[in-house]
**Student:** 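After the structure tokens below, expect a handful of questions from me.
In what follows, every heavy atom counts, from backbone to side chain, and hydrogens, waters and symmetry copies are set aside. These numbers come from a predicted model, not from an experiment. Throughout, a chain's letter reflects where its sequence line sits, starting with A, and its residues are numbered from 1.
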Protein chains: 2
Amino acid sequence: MKEYHSVLERCPLFDGIRLEDLGAMLGCIGGRTISVSKGQAVFREGDAATHVGMVLKGAVQMVREDFYGNRSIVAHIGQAELFGESYACAGLAALPISIVAVEDSKVLLMDCRRITVSCSNACAFHSRIIYNMLRLVANKNLVFDQKIQVTSKRSTREKLMTYLLNQAKLRNSDDFTIPYDRQELADYLEVERSGLSAEISKLRREGILESEKNRFRLLQKYS
Amino acid sequence: MKEYHSVLERCPLFDGIRLEDLGAMLGCIGGRTISVSKGQAVFREGDAATHVGMVLKGAVQMVREDFYGNRSIVAHIGQAELFGESYACAGLAALPISIVAVEDSKVLLMDCRRITVSCSNACAFHSRIIYNMLRLVANKNLVFDQKIQVTSKRSTREKLMTYLLNQAKLRNSDDFTIPYDRQELADYLEVERSGLSAEISKLRREGILESEKNRFRLLQKYS
DNA sequence: GAATGTATGTTGAAATTTCAACAGAAGGTG
DNA sequence: CACCTTCTGTTGAAATTTCAACATACATTC
């Protein structure tokens, strides 16, 4: 666990908690660490929404799959980021999405009630943690809003550009890598992979962007 | 204001606050009531995201509009529901959406910081309010997730059915009215109005649903 | 009650996406 | 190095959506 202290420190859930208090804090919350290998699910759609996860190592995705196996990717969750918190905090009975590891990962699982309900010994950190959780859940709304912004667009081209422009803004650079391969990007944008590839080629030919694998570079502002 | 006390009581933001304390509470939070007429914006995309609104009377929509005037409806906010809370709690500088009244409405505006940051006189209600806010923001995530579920579908038919089945589940009935007319429903589903009308007719002919204006009745489970 | 405006349904053509299939590139393995 | 697998790009046909235009129903206003 100690090896991941730097990750814990970076997670906004523990903002304002002093390093030396982190141990007690974790004891109070009662977390446990698990390992998941690439492709394995941490939570499955329909599972009880009681726990919050934090990515200590690796990365996971929020995904939804329908009858026919069509995969939809809702969000990418990287190191020091949380997942499941919104559903647990909302008191939802069953998870509407699955969480799947995209690489071999380590995850810290915490019972959400022990975070959001003040503990019996009313530890001093607790109100701070609740406040931090509020910010994090609110931030997850922004992540969802991003996805809505993208999928609200009608064409593959607009979806892609909306996503790329957002990424550029987030990274504060016109040159960046994305956490998705082509199929995953298609599953995030909700379009066909083949059509997406074709559109990327077209944008390249038109001199609007350069790309190589999952690295993109936007050459002009807008459109 | 007194006339809206019953609305305030119904809003989960004030869960656990006794009726007789509501007045003090509101003073502490410092809310003010405004009237907005149909079609008018309460907040505009780009506005500072500092305030939370509650619908006392009427209804509003979260909308986003692009250069070309294509309207996208993100959510319908009815009586006793909040808006803007996620963006304010996330500490976002500018709102990424607009809030527009869909009928003549009355709205209670509150400064979000005065809700989420404990006040100097540390009023007893405050920690409860923060906890309530956490639940509400988490719940807004579910509203967003609904929208994502709908717009993740590829065809007009699937989008419509996903929306209608969700509504039926929420209302706990196969017979329900929706808060949208055809154009608004199209703007929520992110499809063409004409194509949506055609699809509804088709579903009617196939005996899958009945509809009359904004009232729908699902005749079979699934598909 | 005539005129006007709004909402909804219908339709055919144009544009776009999806689907299926294949080819080349890159990486790992025996 | 041959073999296998995975990823990406390409392409043409089929399916679907968008677009534009119009018809109808209904409510409102003068």
**Student:** Checking A:Glu81 now: which residues fulfil salt bridge (charged side-chain N to carboxylate O under 4.0 Å, His left out) with it, not counting sequence neighbours?
**Tutor:** none
**Student:** In whole angstrom, what separates A:Asp181's CG from C:dG27's C1'?
**Tutor:** 15 Å
**Student:** Do any of residues 192-202 of chain A sit with a heavy atom less than 4.0 Å from DNA chain D, and if so which?
**Tutor:** A:Arg193, A:Ser194, A:Ser197, A:Ser201
**Student:** Can you name the residues that form a side-chain contact (heavy atoms from CB on, under 4.5 Å) with A:Lys213, not counting sequence neighbours?
**Tutor:** none
**Student:** Going by ring-ring contact (aromatic ring centres under 6.0 Å, His included), name the pairs with one or both residues in residues 137-158 of chain A, residues two or more places apart or in two chains.
**Tutor:** none
**Student:** Please enumerate all residues that pass ring-ring contact (aromatic ring centres under 6.0 Å, His included) together with B:Phe43, with sequence neighbours excluded.
**Tutor:** B:Phe83
**Student:** How would you list, by chain and number, every residue that makes a side chain to side chain donor-acceptor pair (under 3.5 Å) with B:Gln183, sequence neighbours excluded?
**Tutor:** B:Asp187
**Student:** Could you list the residues that satisfy side chain to side chain donor-acceptor pair (under 3.5 Å) with B:Asn141, not counting sequence neighbours?
**Tutor:** A:Ser86
**Student:** Who passes ring-ring contact (aromatic ring centres under 6.0 Å, His included) against B:Tyr163, sequence neighbours left out?
**Tutor:** B:Tyr188
**Student:** Going 5' to 3' along DNA chain D, which are the first and last nucleotides with any atom under 4.0 Å from a heavy atom of chain A?
**Tutor:** D:dT8 to D:dT18
**Student:** Quick one: side chain to side chain donor-acceptor pair (under 3.5 Å) partners of A:Lys153, sequence neighbours excluded?
**Tutor:** none
**Student:** Tell me the interatomic distance from B:Gln183, atom CD, to C:dT8, atom C1', rounded to whole angstroms.
**Tutor:** 11 Å
**Student:** Return the set of residues passing side chain to side chain donor-acceptor pair (under 3.5 Å) with A:Arg64 (not counting sequence neighbours), or none when no residue passes.
**Tutor:** B:Asp145
**Student:** Between the two ends of the helix from C:dG1-D:dC30 to C:dG30-D:dC1, what is the bend in degrees, rounded to 10 degrees, where each end axis spans five pairs?
**Tutor:** 30°
**Student:** Measure the distance from CG on B:Leu203 to P on C:dT10 and round it to the nearest whole Å.
**Tutor:** 12 Å
**Student:** Hey, does A:Val150 have a side-chain heavy atom less than 4.5 Å from the side chain of A:Leu189?
**Tutor:** yes
